[in-house]
Protein chains: 2
Amino acid sequence: MRPKPEAPASSQGDAHEQWQAKDVLTRLRSDIVSSVYEPAERLKFADLRARYDVGIGTLREALSQLVSEGFVVVEVGKGFKVAPVSIKELNEITDLFLDLEKRALRSAIANGDENWETTIVALHYKLNLIESLPWEDRMARHSEWVKRHRDFHESLVAACTDTWLFRLRSMMFDQLDRYRFVTKKAPQGLGQHKFTEHRKIMDATIARDAATATALMEEHIRDTSRRVIDLL
Amino acid sequence: MRPKPEAPASSQGDAHEQWQAKDVLTRLRSDIVSSVYEPAERLKFADLRARYDVGIGTLREALSQLVSEGFVVVEVGKGFKVAPVSIKELNEITDLFLDLEKRALRSAIANGDENWETTIVALHYKLNLIESLPWEDRMARHSEWVKRHRDFHESLVAACTDTWLFRLRSMMFDQLDRYRFVTKKAPQGLGQHKFTEHRKIMDATIARDAATATALMEEHIRDTSRRVIDLL
DNA sequence: TTTAGATTTATATTCGAAAAAATGGGAAAA
DNA sequence: TTTTCCCATTTTTTCGAATATAAATCTAAA
C-alpha cells in the first residue's frame with residue numbers, strides 16, 4: 001500500500017492504523033474545529049505533509065471532502081484554505097441546526113428503545129465526569145470534552161429513523177462545534193450551567209416528553225450561540 | 001501541471017478545460033444522476049480512468065467529494081460504489097427537500113429584486129422551449145432538459161439570503177434529481193402537466209404570494225416522487 | 001520613483017508506479 | 001462432498017516525481 005520503508009511490521013501502539021485517508025480527514029477536521037488554524041488561513045501542502053506525515057494525494061482527498069462539508073474552501077490554482085467565519089453564518093447555522101435537531105429529536109423519542117436510553121445515560125455519565133471537574137482540569141481535558149459532548153448530543157437523536165435528517169443534522173452540529181471554539185478566549189460550552197442543562201435535556205428525552213426536550217434543546221443551543229457572538 | 005505530452009497548445013474547442021478535478025466531479029455526478037451506472041454498481045478505477053481519461057488521484061478526489069454529497073459510498077479496501085436507492089430514502093429526501101425548499105422560497109420571495117424576477121422569467125422560457133416540444137424531441141434533448149429544469153428551480157430560490165439553507169436545499173435537490181431518472185422506464189418529470197405547474201409556480205412566486213407558491217411547489221414535488229415510487 | 005516586463009521562486013495539480021489488500025480459483029485434506 | 005489453505009490475479013491505496021500555474025523578486029526603461 002504505502003511504499004514507506006519504515007514501520008517495523010505490525011508493532012503499532014494504537015492498534016488500528018488501517019486507513020490513512022480517513023484518518024487524515026478526521027484529524028484535519030478536528031484541527032479546524034479546534035481552531036488550530038485561523039479562519040481564512042491557507043492550507044499549504046508542504047506544511048500539512050509535515051504535520052500529518054502523508055502524501056500529497058491523500059491530503060488532497062481529505063481536503064476535497066472538507067470542501068463538501070463546508071470547513072474548507074478551494075480556489076482553482078490557488079489551493080485550499082480554511083473557511084471564513086461570520087456572525088451572519090453562525091446565525092444561519094444555528095437556525096438550521098435547531099430545525100433539524102428538533103425534528104430528529106422528536107423522531108428519536110418516538111422510535112427509541114431501551115438500548116437507546118441506556119446509551120444516552122452512559123454517555124451523559126461520561127460527559128459529566130469531565131463537566132463536574134474543577135475549571136483547570138476541565139480545560140486540560142478540553143479535546144476529550146469536545147468528543148464526549150459530541151457523542152452525548154448524538155446519542156440523543158441516534159434513534160432517529162430518518163437517515164438524511166440525521167446526516168444533515170450532524171453536518172450542522174459539526175459547523176456549530178467549530179464556532180464554539182472559534183475564539184481564543186474562554187471556550188464556550190464549558191460553563192457551569194451546561195452541567196444542569198444536559199441533565200434536564202436527557203431527563204425530558206428519556207421521559208419521552210418531546211415538547212420539553214425540544215424546548216430545552218433550543219434554549220441550550222441558542223444560549224451557546226449568543227455567547228459565541230458576544231466574543232466574536 | 002499534467003505531464004501529458006498531447007494537447008497541441010491552447011487549441012481546445014470547448015475553451016475552458018482548466019480544471020480536470022472539478023470537471024471530472026461534475027461529469028461523474030451527472031452520470032450518476034442520469035443513471036449511467038446502476039445504483040449499487042462498483043466504480044472501478046480502471047474503468048473510470050478509461051472513461052474520463054484522468055489519473056487515479058484525480059478520480060479519487062472526485063469520488064471522495066461524491067461520498068460527502070451522498071452519491072457514492074466507500075468501504076475501506078473495497079473501493080467506491082454508487083449509492084443504493086430505496087423508497088424509504090426517497091421519502092426522506094422528498095420531505096427534507098420540501099421543508100428546506102419552502103423556507104428558501106419564502107426567503108427569496110421576501111428578498112428578491114427585479115433581476116431575480118427577470119432571471120426566473122428567462123429560465124422558465126428556456127425550459128418551456130423544450131417542454132412544449134413533441135415527445136420524441138423532448139426525449140432527444142433529455143440531458144438539456146435536466147439542466148434547464150435544474151436552473152429554473154434554482155432561480156426561484158436564488159434570492160434566498162441564507163447561504164446554508166440554500167446549500168442544503170441544493171444538496172437535496174440533486175438527490176431528488178437522481179431518483180427522477182433512477183428507473184429506465186419513461187423518465188419522470190417530463191409529463192404534460194409539468195408544463196402548467198412550472199408556469200403557475202413562477203406566477204405565484206413573482207406575484208410574491210408565498211402561501212400559494214409553496215403550496216404549488218409541494219404538490220409539484222410530491223407528485224413527481226409519487227410517480228417515481230410507482231415505478232421503483 | 002514608478003511601471004512593465006522578465007526571471008526566479010514557491011506552490012498547486014496531475015499522473016503513474018509501487019506496495020498492500022482483497023478476490024478468485026483450484027488442489028489437498030477432511 | 002465440503003472445507004481449508006495457498007497462490008495468482010485483480011483492485012485499491014499511497015506516494016513522490018514531473019509539470020503547470022501563481023506569486024515574488026529583480027531589472028531596465030520612462
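Protein chains get the first letters and strands the later ones, always in sequence-line order, with residue 1 at the start of each.
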Query raised in the report: So, are Asp230(B) and Arg227(B) salt-bridged, with charged N and O less than 4.0 Å apart?
Result: no

Report task. Return the value, rounded to whole Å, for the distance between atom CH2 of Trp19(B) and atom C1' of dT14(C). Result -> 10 Å

Requested in this report: Take atom CG of Leu59(A) and atom C1' of dT11(C), then tell me their distance rounded to the nearest Å.
Outcome: 14 Å

**Report entry** Presence of salt bridge, Arg180(B) and Asp177(B), under 4.0 angstrom
**Finding:** yes

Query - Exercise: do Lys147(A) and Ser30(A) side chains pair donor with acceptor under 3.5 Å - result: no

Query raised in the report: Tyr52(B) OH to dC15(C) C1': how many Å, rounded?
Result: 19 Å

Query raised in the report: Quick one: is the NZ or CZ of Arg167(B) closer than 6.0 Å to the six-membered ring centre of Trp164(B), and within 45° of its axis?
Result: yes

Query raised in the report: OP1, OP2 of dC15(C) versus side-chain N and O of Thr58(B): anything below 4.0 Å?
Result: yes

Requested in this report: Measure across Phe181(B) and Val33(B) and return the closest heavy-atom pair with its distance rounded to 0.1 Å.
Outcome: CB-O, 3.9 Å

Report summary line: When rounded to whole Å, the CZ to C1' distance for the pair Arg49(B) and dG16(C) reads 7 Å

Report task. Compute whether any side-chain donor of one residue and acceptor of the other, for Asp31(B) and Tyr52(B), lie under 3.5 angstrom apart. Result -> yes

Report task. Assess whether atom NZ of Lys81(A) is packed by more than 12 heavy atoms of other residues, nucleotides or ligands within 6.0 Å. Result -> no

Extract from the structure each pairing of a protein N or O with an N or O of nucleotides 7-11 of chain D at less than 3.5 Å, listing the distance.
residue: dT11(D); atom: OP1; partner: Lys44(B); partner atom: NZ; Å: 3.0
residue: dT11(D); atom: O3'; partner: Arg42(B); partner atom: NH2; Å: 2.9

Query raised in the report: Is it the case that Ser225(A) and Thr94(A) place a side-chain donor and acceptor less than 3.5 Å from each other?
Result: yes

Query raised in the report: Heavy atoms under 4.0 Å, any strand shown: does Leu43(B) hit a base, just sugar-phosphate, or nothing?
Result: sugar-phosphate

Report task. With Arg169(B) as the cation and Phe173(B) as the aromatic partner, state whether NZ or CZ is under 6.0 Å from the six-membered ring centre and within 45° of the axis. Result -> yes

Query raised in the report: Of Gly77(A) and Phe80(B), whose nearest nucleotide on DNA chain D comes first from the 5' end?
Result: Phe80(B)

Requested in this report: Have a look at Glu75(B) and say if it touches a base, only the backbone sugar-phosphate, or nothing, with a 4.0 Å heavy-atom cut-off.
Outcome: sugar-phosphate

Query - N/O (side chain, Arg60(B)) to phosphate O (OP1/OP2, dT13(D)) under 4.0 Å - result: yes

Query raised in the report: In whole Å, what is the span from the NZ atom of Lys81(A) to the P atom of dA22(D)?
Result: 16 Å

Query raised in the report: Between residues 24-32 of chain A and DNA chain C, which residues have a heavy-atom gap below 4.0 Å?
Result: none

Requested in this report: In whole angstrom, give the distance that lies between atom CD of Gln20(B) and atom C1' of dA12(C).
Outcome: 14 Å

Query raised in the report: For the pair made of CD1 in Ile56(A) and C1' in dT19(D), what is the distance, rounded to whole Å?
Result: 12 Å

Query raised in the report: To the nearest Å, how far apart are Gln65(A) CD and dT13(D) P?
Result: 12 Å

